[in-house]
Amino acid sequence: MSQTTDSHADVPAPMAPHKDMKWIGKSVKRVEDPKLLRGLGRYIDDVVLPGMLHAAVLRSPHAHARIVSVDAERARRAPGVVAVLTGPEAAEQFGPLPDSGPAPDKHVWRVLAADKVHYVGEGVAVVVAENRYQAEDARTLIDVTYDVLEPVVDPIAAAEDTGNLVHEALGTNVAYERTFTFGDVAHDFADADLVVRDRLRWGRQTAHPLDTTAAIGDYDAGTGEMVVHTNSISMTWLAFGAAVALGIPSNKLDLRPYISGGSFGSKQFCWRSTVTAAMMSKITGRPVKYVEDRLDHQLNGDQHGSDRYYDVELALMRDGTFRSLKIDCVDDYGAYIQFGVGSHGNALAQVTGPYRITSTEYRVRAVLTNKTQQGAYRGFGADAGNWALERIVDKAAAELGLDPADIRRRNLIPPDAFPYHIPSGNMYDSGNYEPVLDHALQRFDYDGWRRKQEAMRAEGRKIGIGVVTANERSVYGATEFWFWFDDKDVPVKTTSTPEGVSMTVDTVGAVTVTLYSTPFWGNSSDTVAAMLAAEEFDVDPADVSVVHHGTKGGLPAAGPGGSRLTVMLAGAITGASKKIKDKLRRIAAHDMEVDEADLEWVDGGYQVRGAEDSRRSIGDLAMLAYLVKTALPDGEESGLAADFVYDHPHLTMPKPDRSDLGSFYPCVGHACHLVAVEVDEETGSVDILDYVAVHDSGTLVNPRSYDGQIVGGTAQGVGTALAEEMTYDAAGNPLVGTFWDYLIPTALDVPEVNFGHEETPSPITAHGIKGGGEAGRLMAPGALSAAIDDALRDHGVRVTELPATPERIVGWIQGHRG
Amino acid sequence: MKPPPFSYHRGRTVEHAAELLRELGPSARLLAGGQSLLPMLNLRLAEPAHLVDLGSAPGLDVIRRDGDMLVVGATARQAAVEHSSDVRALVPLLAEAVEHVAHPPIRHRGTVVGSIAHASAVAELPCAAVALNAQLTLLSADGVRTVGAEEFFTGAFTTSARADEIVAQVAFPVTGPGTGQAWSEFSLRRGNFPVAGAGASVTVADGEIVDVAIAICGVSDRPVRARAAEAALLGTRPGPEVVAAAAAASIADLAPRVDGDLAAHILPVVAAPVPAWGYRASVAKSQVRRAVTTALTRAGGVR
Ligand SMILES: Cc1cc2nc3c(=O)[nH]c(=O)nc-3n(C[C@H](O)[C@H](O)[C@H](O)COP(=O)(O)OP(=O)(O)OC[C@H]3O[C@@H](n4cnc5c(N)ncnc54)[C@H](O)[C@@H]3O)c2cc1C
């Protein structure tokens with residue numbers, strides 16, 4: 001009983017994995033690494049421009065206070081200081097930051113607070129000095145008078161409170177609220193044999209790249225050109241937002257991408273760093289560098305993740321068949337809501353996971369509080385969504401006395417049901433889930449581990465095993481930024497998140513790929529581009545030159561995010577390559593005086609079908625294209641260059657009543673994680689004994705770097721499950737500022753991951769690739785939670801709150817005892 | 001995260017450093033390995049006007065036996081102590097405790113004496129010093145005096161040393177036959193300061209405990225001797241029940257501390273999400289049991 005519809009006749013049948021490719025699917029060493037390993041990467045903080053100044057930001061010590069006055073006179077006279085800009089001054093000279101929240105005019109977001117501070121760490125003034133030391137010294141000389149207000153801290157209370165508001169103009173602390181009903185939920189619940197309920201808490205965590213966000217603004221007062229060197233993303237098609245904030249024409253702004261030591265989503269826009277450096281350069285007429293230090297980043301970066309309170313209900317039959325799902329979620333967004341409720345779009349894209357569930361109700365309340373606002377952290381809300389779903393599935397298994405692997409198997413969407421539409425409307429392009437589960441169980445030796453577990457438990461050891469089967473949606477579509485609202489309230493219905501590339505083949509046949517908005521963030525963008533180009537032209541990836549273009553004059557591009565990049569680059573590079581290869585074919589046919597149709601591309605050149613000795617290599621043809629106009633067909637331009645802008649592969653429109661959100665995140669991968677843990681009842685520590693991860697993200701491009709994504713994501717998932725938490729006290733003071741207390745697992749705390757791969761190609765993307773950038777973090781929290789439950793089953797412990805810190809675990813054991 | 005302005009002074013000898021401290025007054029601070037002091041400066045939790053660097057004073061990095069004592073000089077690095085075969089043979093508790101301090105790069109800069117002088121209530125080395133009844137030599141422009149480790153620690157980050165006194169060396173009694181020592185701790189992440197930890201030194205003769213010293217960290221504003229636990233063990237023929245009872249006794253007479261009170265004992269920050277006292281105490285109890293059990297095994301007392 002699948003939900004396949006034929007309304008998307010444009011979706012071809014899944015293809016078989018193709019094994020005949022030269023580079024795609026081979027483990028290739030990253031082309032970025034030689035420079036990075038030799039310290040030649042040139043990170044943003046390595047960049048020194050002549051006459052460059054340094055900025056430091058004064059931050060609010062209060063969660064909620066009115067700014068009575070800011071007196072910067074002492075700071076202005078301090079040694080080395082060139083300029084100080086206070087929040088009220090900045091509000092007069094510069095516009096608000098680009099904000100895709102529900103009502104940006106009612107929760108105005110500025111680079112510096114203008115009249116009120118909304119969280120500890122919000123910027124109040126910027127000091128620019130000859131060096132960072134002087135800037136930080138002078139910062140302490142700025143006198144700010146605050147009228148301290150009662151902080152809004154607890155989102156549940158804040159949702160009801162209309163007296164104490166984070167933003168008065170909004171009239172409420174609830175920035176967004178809606179209940180979506182997909183399918184006949186009431187009927188399915190009434191029909192079900194039982195309903196399992198859970199109340200869950202997903203704590204606030206933060207992405208923590210080693211390299212914080214940074215920018216150097218370089219304004220040329222003569223031309224009015226503003227160049228910003230930055231390690232945050234700079235989407236070509238949205239850069240105009242920064243231009244508006246800076247008050248300069250959009251075609252005078254050039255955001256130039258730099259490599260960065262990590263993003264994990266946190267560098268999506270980072271308007272604040274860009275605008276801070278740029279506005280101070282505009283004011284001083286000199287280049288200004290602003291590099292967040294760890295405190296800047298933790299308190300005022302864009303890397304805080306979801307902070308959710310869930311009520312979940314699963315309706316199912318006694319044999320374990322799932323019917324319907326209800327989710328009610330309060331999300332504590334902090335003081336602003338820059339990405340709207342996009343992170344719930346991510347959850348809705350795979351709300352029912354890999355399971356057949358016929359209807360779903362989803363209620364979301366986005367609450368504003370006096371905390372740092374959320375940004376994007378690897379998984380962007382689907383991380384929490386997957387965890388909540390897997391938790392309720394485990395609870396159902398426990399209540400029915402079913403093995404957790406069995407209840408999952410029973411509900412997996414069968415392979416012949418794809419393309420499959422889940423209740424929210426999103427389409428899963430392809431999938432074959434059971435082989436992934438079987439592969440993982442076998443790799444883990446599930447039955448063997450279960451026997452071992454019983455033997456070890458008999459010795460008094462608390463051993464537990466956890467299993468999750470979960471999806472990873474990839475390649476987001478633009479509709480998820482507006483389908484929240486009714487049609488009448490949506491001024492512009494964006495339907496594209498395009499990615500463009502430019503390619504050239506030079507006179508001797510060497511290939512260059514130019515990327516836009518696509519910095520290196522550890523996600524191997526250059527290697528991906530080089531491999532894809534190498535596949536098309538039969539060259540070595542190491543010989544492909546990859547160039548990163550700034551936003552100015554750039555093709556539309558949105559860069560990394562939502563696991564889209566490899567798929568989108570594959571589409572764009574395939575498209576641009578085809579243009580060039582078509583031209584090469586025309587030139588070859590003309591030169592060899594044969595019919596184009598008789599030519600085939602073999603090993604880096606065109607040859608007459610069946611006649612290997614009559615061929616022209618790419619080098620021969622490039623020479624003609626550049627140097628011998630007379631050898632070209634009539635009307636053919638000299639040179640070999642092509643642009644290609646690849647649009648989203650499959651985006652359908654939401655229904656007007658939002659009973660169906662359309663297909664917006666269709667390239668859907670799958671994974672099964674299995675883990676065995678031992679819990680120390682006295683200390684509450686969790687030791688990971690064995691870890692297996694089997695993933696299917698369609699056609700594998702570079703297994704080596706894909707495994708890196710899984711390890712990194714799993715490491716972050718371990719932190720999410722066991723240790724990482726951004727805590728606030730009752731007054732809204734952040735209790736965590738540095739790595740001293742924000743406990744990211746180190747190499748010593750992360751298990752050796754035993755990988756397996758399955759490949760079910762996507763029918764809608766070039767080469768059948770799906771995204772895999774959030775792999776690991778979407779699965780590990782559920783798997784570890786389940787394993788802890790299992791280890792502590794004698795105590796009746798269930799993990800309903802993350803992170804499951806040692807102290808919490810001991811508390812749960814004692815609570816259940818007492 | 002840049003330090004406030006300060007002036008830098010190099011102590012040519014330990015005596016010269018003591019003179020500088022005297023001259024510069026209370027706004028001067030001694031700099032050893034910098035692994036606690038520099039983060040504090042970068043976070044502006046400390047704003048000394050002067051730093052007096054002890055690093056290049058000659059002869060201070062000694063690790064040597066002096067009669068019944070093993071002497072560790074003020075600039076001996078934690079890594080040097082960790083890798084010293086003398087320390088491992090003569091004061092095994094110190095060797096084991098220092099392995100738990102931070103990570104190798106930090107131990108290559110940080111000093112054993114600096115950690116003791118810093119007097120964090122959750123640090124390994126102050127606790128080991130209390131368990132071992134170490135003797136500290138305090139040197140100032142006025143001369144030299146010696147204090148025992150227990151009198152040295154007076155509270156979180158506070159000691160009985162005056163601001164112008166330098167801990168020139170710390171001497172640890174060497175172990176004899178029949179003595180087993182062990183360090184046990186639990187930290188939230190490998191290399192972190194412990195939630196709680198315990199050091200034990202037990203001497204067994206003819207199957208009976210004839211001498212025992214236990215200290216715990218993480219449950220008070222300073223490392224504390226667990227005298228009730230020691231009393232429960234002394235004179236007994238130890239078995240698991242005795243050890244468990246002693247472990248329970250180790251925390252029984254400690255005064256509970258309100259939430260957050262211990263926060264400041266890790267790093268002198270305003271607030272940190274630290275485990276509550278009840279949890280710390282139960283962890284301490286388990287670490288006492290583990291340390292004593294291991295020490296007894298090493299002493300040949302439990303088979
Ligand atoms: C990431 C990280 C993790 C760490 N983890 C741990 C851990 O797990 N356990 C642990 O115990 N420590 C840990 N530390 C702290 C480390 O052990 C420090 O090295 C130690 O606490 C201080 O020694 P130091 O030589 O670096 O002293 P400094 O930082 O130079 O000085 C610390 C303080 O002691 C004073 N001082 C130093 N020497 C003397 C002296 N001879 N006489 C009088 N006063 C003196 C200084 O004036 C200063 O106030 C960690 C540090 C870091 C950076």
Side-chain angles (χ1 to χ4, degrees), chain A residues 54 56 61 78-79 120 129 131-137 139-140 203 212 291-297 680-685 718-719 722-729 731 733-750 803 805-811 813-814, chain B residues 1-6 35-36 39-45 47 100 102-106 120 122 184-197 218 244 247-248 259-260 263 266-290:
Chain A
H54 296 263
V120 173
N131 62 52
R132 178 75 179 243
Y133 293 84
Q134 291 171 325
E136 292 196 14
D137 290 344
R139 174 172 70 178
T140 63
T212 57
V291 181
E292 289 177 341
D293 63 27
R294 191 53 59 188
L295 281 174
D296 290 326
H297 191 60
D680 181 327
E681 289 170 285
E682 284 182 331
T683 61
S685 83
V718 169
L722 304 178
E724 293 180 36
E725 190 167 26
M726 182 64 207
T727 38
Y728 288 84
D729 70 12
N733 294 307
L735 297 180
V736 169
T738 69
F739 290 145
W740 201 271
D741 26 35
Y742 189 81
L743 301 174
I744 292 178
T746 69
L748 299 173
D749 307 297
V750 174
T805 59
E807 186 178 10
R808 285 198 179 119
I809 287 175
V810 167
I813 292 172
Q814 288 167 352
Chain B
M1 291 171 108
K2 301 285 184 228
F6 57 84
Q35 298 303 292
S36 292
M40 285 164 61
L41 294 185
N42 286 344
L43 291 166
R44 299 198 178 212
L45 296 168
E47 307 212 358
H100 287 79
H103 297 283
I106 292 154
S120 157
V122 292
S184 181
E185 73 174 51
F186 174 67
S187 59
L188 294 178
R189 178 175 57 181
R190 291 192 179 82
N192 271 38
F193 283 98
V195 169
D259 276 4
I266 300 168
L267 189 76
V269 290
V270 204
V274 297
W277 193 86
Y279 173 66
R280 279 178 185 283
S282 77
V283 171
K285 183 172 83 174
S286 68
Q287 301 314 308
V288 168
R289 203 197 68 241
R290 292 171 202 205

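Convention: sequence-line order gives letters A, B, ...; per-chain numbering from 1. Only a predicted model underlies this, so the values are computations on that prediction, with no experimental measurement involved.
Here the shortest heavy-atom pairing between Asp137(A) and Pro4(B) reads OD1-CA, 3.9 Å. The nearest pair of heavy atoms linking Val283(B) to Glu682(A) is CG2-O, 4.5 Å.
Surrounding OH of Tyr133(A) are at most 12 heavy atoms belonging to other residues, nucleotides or ligands under 6.0 Å away.
With values rounded to the nearest 0.5 angstrom, Glu807(A) atom CD is found 9.0 Å from Ser282(B) atom OG. If you take CG on Leu722(A) and CG on Leu188(B), they are separated by 11.0 Å, rounding to the nearest 0.5 Å. To the nearest 0.5 Å, atom CZ of residue Phe193(B) and atom CG of residue Asp741(A) are 12.0 Å apart.
Between the side chain of Glu136(A) and the backbone N or O of Lys2(B), at least one donor-acceptor pair lies under 3.5 Å.
For Ile744(A), the parts sitting under 4.5 Å from any heavy atom of chain B are the backbone and the side chain alike. In this structure, chain B has no heavy atom under 4.5 Å from any part of Asp296(A). Neither the backbone nor the side chain of Thr805(A) comes within contact range of chain B; no heavy atom of the residue lies under 4.5 Å from a heavy atom of that chain.
Side-chain contact between Thr683(A) and Val195(B) is absent, with no heavy atoms from C-beta onward closer than 4.5 Å. At least one side-chain heavy atom of Leu743(A) sits less than 4.5 Å from a side-chain heavy atom of Asn192(B).
Using a 4.0 Å cut-off between charged side-chain N and carboxylate O, Asp293(A) and Arg44(B) make no salt bridge.
Scored by the side chain to side chain donor-acceptor pair (under 3.5 Å) test, Asp749(A) finds Thr746(A), Arg190(B) as partners (sequence neighbours excluded).
Looking only at heavy-atom pairs under 4.5 Å with chain A, the residue among Gln287(B), Lys285(B), Arg189(B) that has the most is Arg189(B).
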